[in-house]
Amino acid sequence: MLLDQVFLYAMTFTRQLWDTAAGVLYPSNSNTQLARLPVLGYNTWNAYGCNIDEDLILTDASNALFHLTCGFCRLKEVGYNYINIDDCYAEKTRSTDGSIIEDASRFKRGMKNLTDEIHALGFKAGIYSDSGWFTCAGYPGSFGNEMRDAKTFYDWGFDYLK
């Protein structure tokens, strides 16, 4: 029964992602069911590791929209639709009720505000978690908290879970 609930919640969580992906996976002007592009996006890990905060992420999101180029076009124009926050966004411990908490010093305005600003730039927002007890950098993983974390990420406004 619990597995059914997790699956149902995961399907609900990804409904917006599917609505977006359906247009790419099944374009109306094509007989093929192959995706034109994989999910493309920017991820904080390779550039910054744990040295992230809301201002850096919003600056990079703005740069991806207006400045970063691939020759003659902006990344957004060629299908880069996601701004993904990797590890190190959370406090090292969960709240007393077991919820994951965003790092209060790095994300002073909160994750919901951050995802709202990312969405206002025309991007989708993604976040990373781990199926184990801890993430690669030692922050709380989702093991035993899958539904709670999925709801938290959804409430924060994330569209994609890595």
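Just so we're clear, the structure is a prediction, and the values are computed from it rather than from any experiment. Keep in mind that the numbers below use all heavy atoms, side chains included, and drop hydrogens, waters and symmetry copies.
Linking Ile, Leu, Val, Met, Phe, Trp and Tyr whenever their side-chain heavy atoms come within less than 4.5 Å leaves Ile100 and Phe143 in two separate clusters. No continuous path of hydrophobic side-chain contacts links Tyr139 to Trp45 [ILVMFWY only; heavy atoms under 4.5 Å]. Linking ILVMFWY side-chain heavy atoms closer than 4.5 Å, directly or via other members, places Phe123 and Leu56 in a single hydrophobic cluster. No continuous path of ILVMFWY side-chain contacts below 4.5 Å connects Tyr128 to Leu161, so the two sit in separate hydrophobic clusters. Under a hydrophobic clustering in which Ile, Leu, Val, Met, Phe, Trp and Tyr are joined whenever their side-chain heavy atoms come within less than 4.5 Å, directly or via other members, Phe158 and Ile101 fall into different clusters.
Formation of a donor-acceptor pair under 3.5 Å by the Asn84 side chain with backbone atoms of Ile127 is not found in this model. With hydrogens and angles disregarded, no donor-acceptor distance shorter than 3.5 Å links the side chain of Thr44 to the backbone of Ile85. For the pair Glu117 (side chain) and Leu58 (backbone), a donor-acceptor distance under 3.5 Å is absent.
In this structure, the side-chain contact (heavy atoms from CB on, under 4.5 Å) partners of Ser142, at least two apart in sequence or on a different chain, are Ser129, Asp149.
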Let's go through Lys112 and Asp155 carefully: what are the C-alpha distance in whole Å and the side-chain angles of both, what is the deciding distance for salt bridge (Lys or Arg N to Asp or Glu O under 4.0 Å) to 0.1 Å, and is it a yes or a no?
CA-CA 7 Å; Lys112 179 64 175 132; Asp155 291 346; over 6 Å; no

Under the side-chain contact (heavy atoms from CB on, under 4.5 Å) rule, what do Leu40 and Asn81 come out as? Steps first, then yes or no, please.
CA-CA 6 Å; Leu40 297 172; Asn81 295 314; over 6 Å; no

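No hydrogens or angles considered: a donor-acceptor pair under 3.5 Å links the side chains of Asp60 and Tyr48.
Looking only at side-chain heavy atoms (C-beta outward), Asn43 and Lys162 come within less than 4.5 Å of each other. Annotation: side chain of Asn113 is not in contact with side chain of Phe107 (no heavy-atom distance under 4.5 Å). The shortest distance between side-chain heavy atoms of Thr59 and Asn63 falls below 4.5 Å. Side chains of Arg148 and Ser99 form a contact here, defined as non-hydrogen atoms less than 4.5 Å apart. Two residues are said to be in side-chain contact when any heavy atoms from C-beta on lie closer than 4.5 Å; Arg106 and Ile52 meet this criterion. Considering only heavy atoms from C-beta on, Lys108 comes within 4.5 Å of Glu54 through its side chain.
Residues Asp55 and Arg109 are paired through a salt bridge, judged by an N-O separation under 4.0 Å between the basic side chain and the carboxylate.
Ala47 approaches Tyr42 most closely through the heavy-atom pair CB-OH, 4.4 Å. Closest of all the heavy-atom pairs between Arg94 and Gly141 is NH2-O, 2.6 Å. Shown here for Leu121 and Ser62, the closest heavy-atom pair between the two residues is CD1-N, 3.9 Å. In this structure, Ala125 and Thr115 approach most closely via the heavy-atom pair CB-CG2, 3.8 Å.
Taking CG of Asp103 as the start and CE of Met111 as the end, the distance is 8.5 Å to the nearest 0.5 Å.
Between Trp156 and Tyr89, the ring planes lie perpendicular to each other; the angle is over 60°, past the 30° to 60° tilted range.
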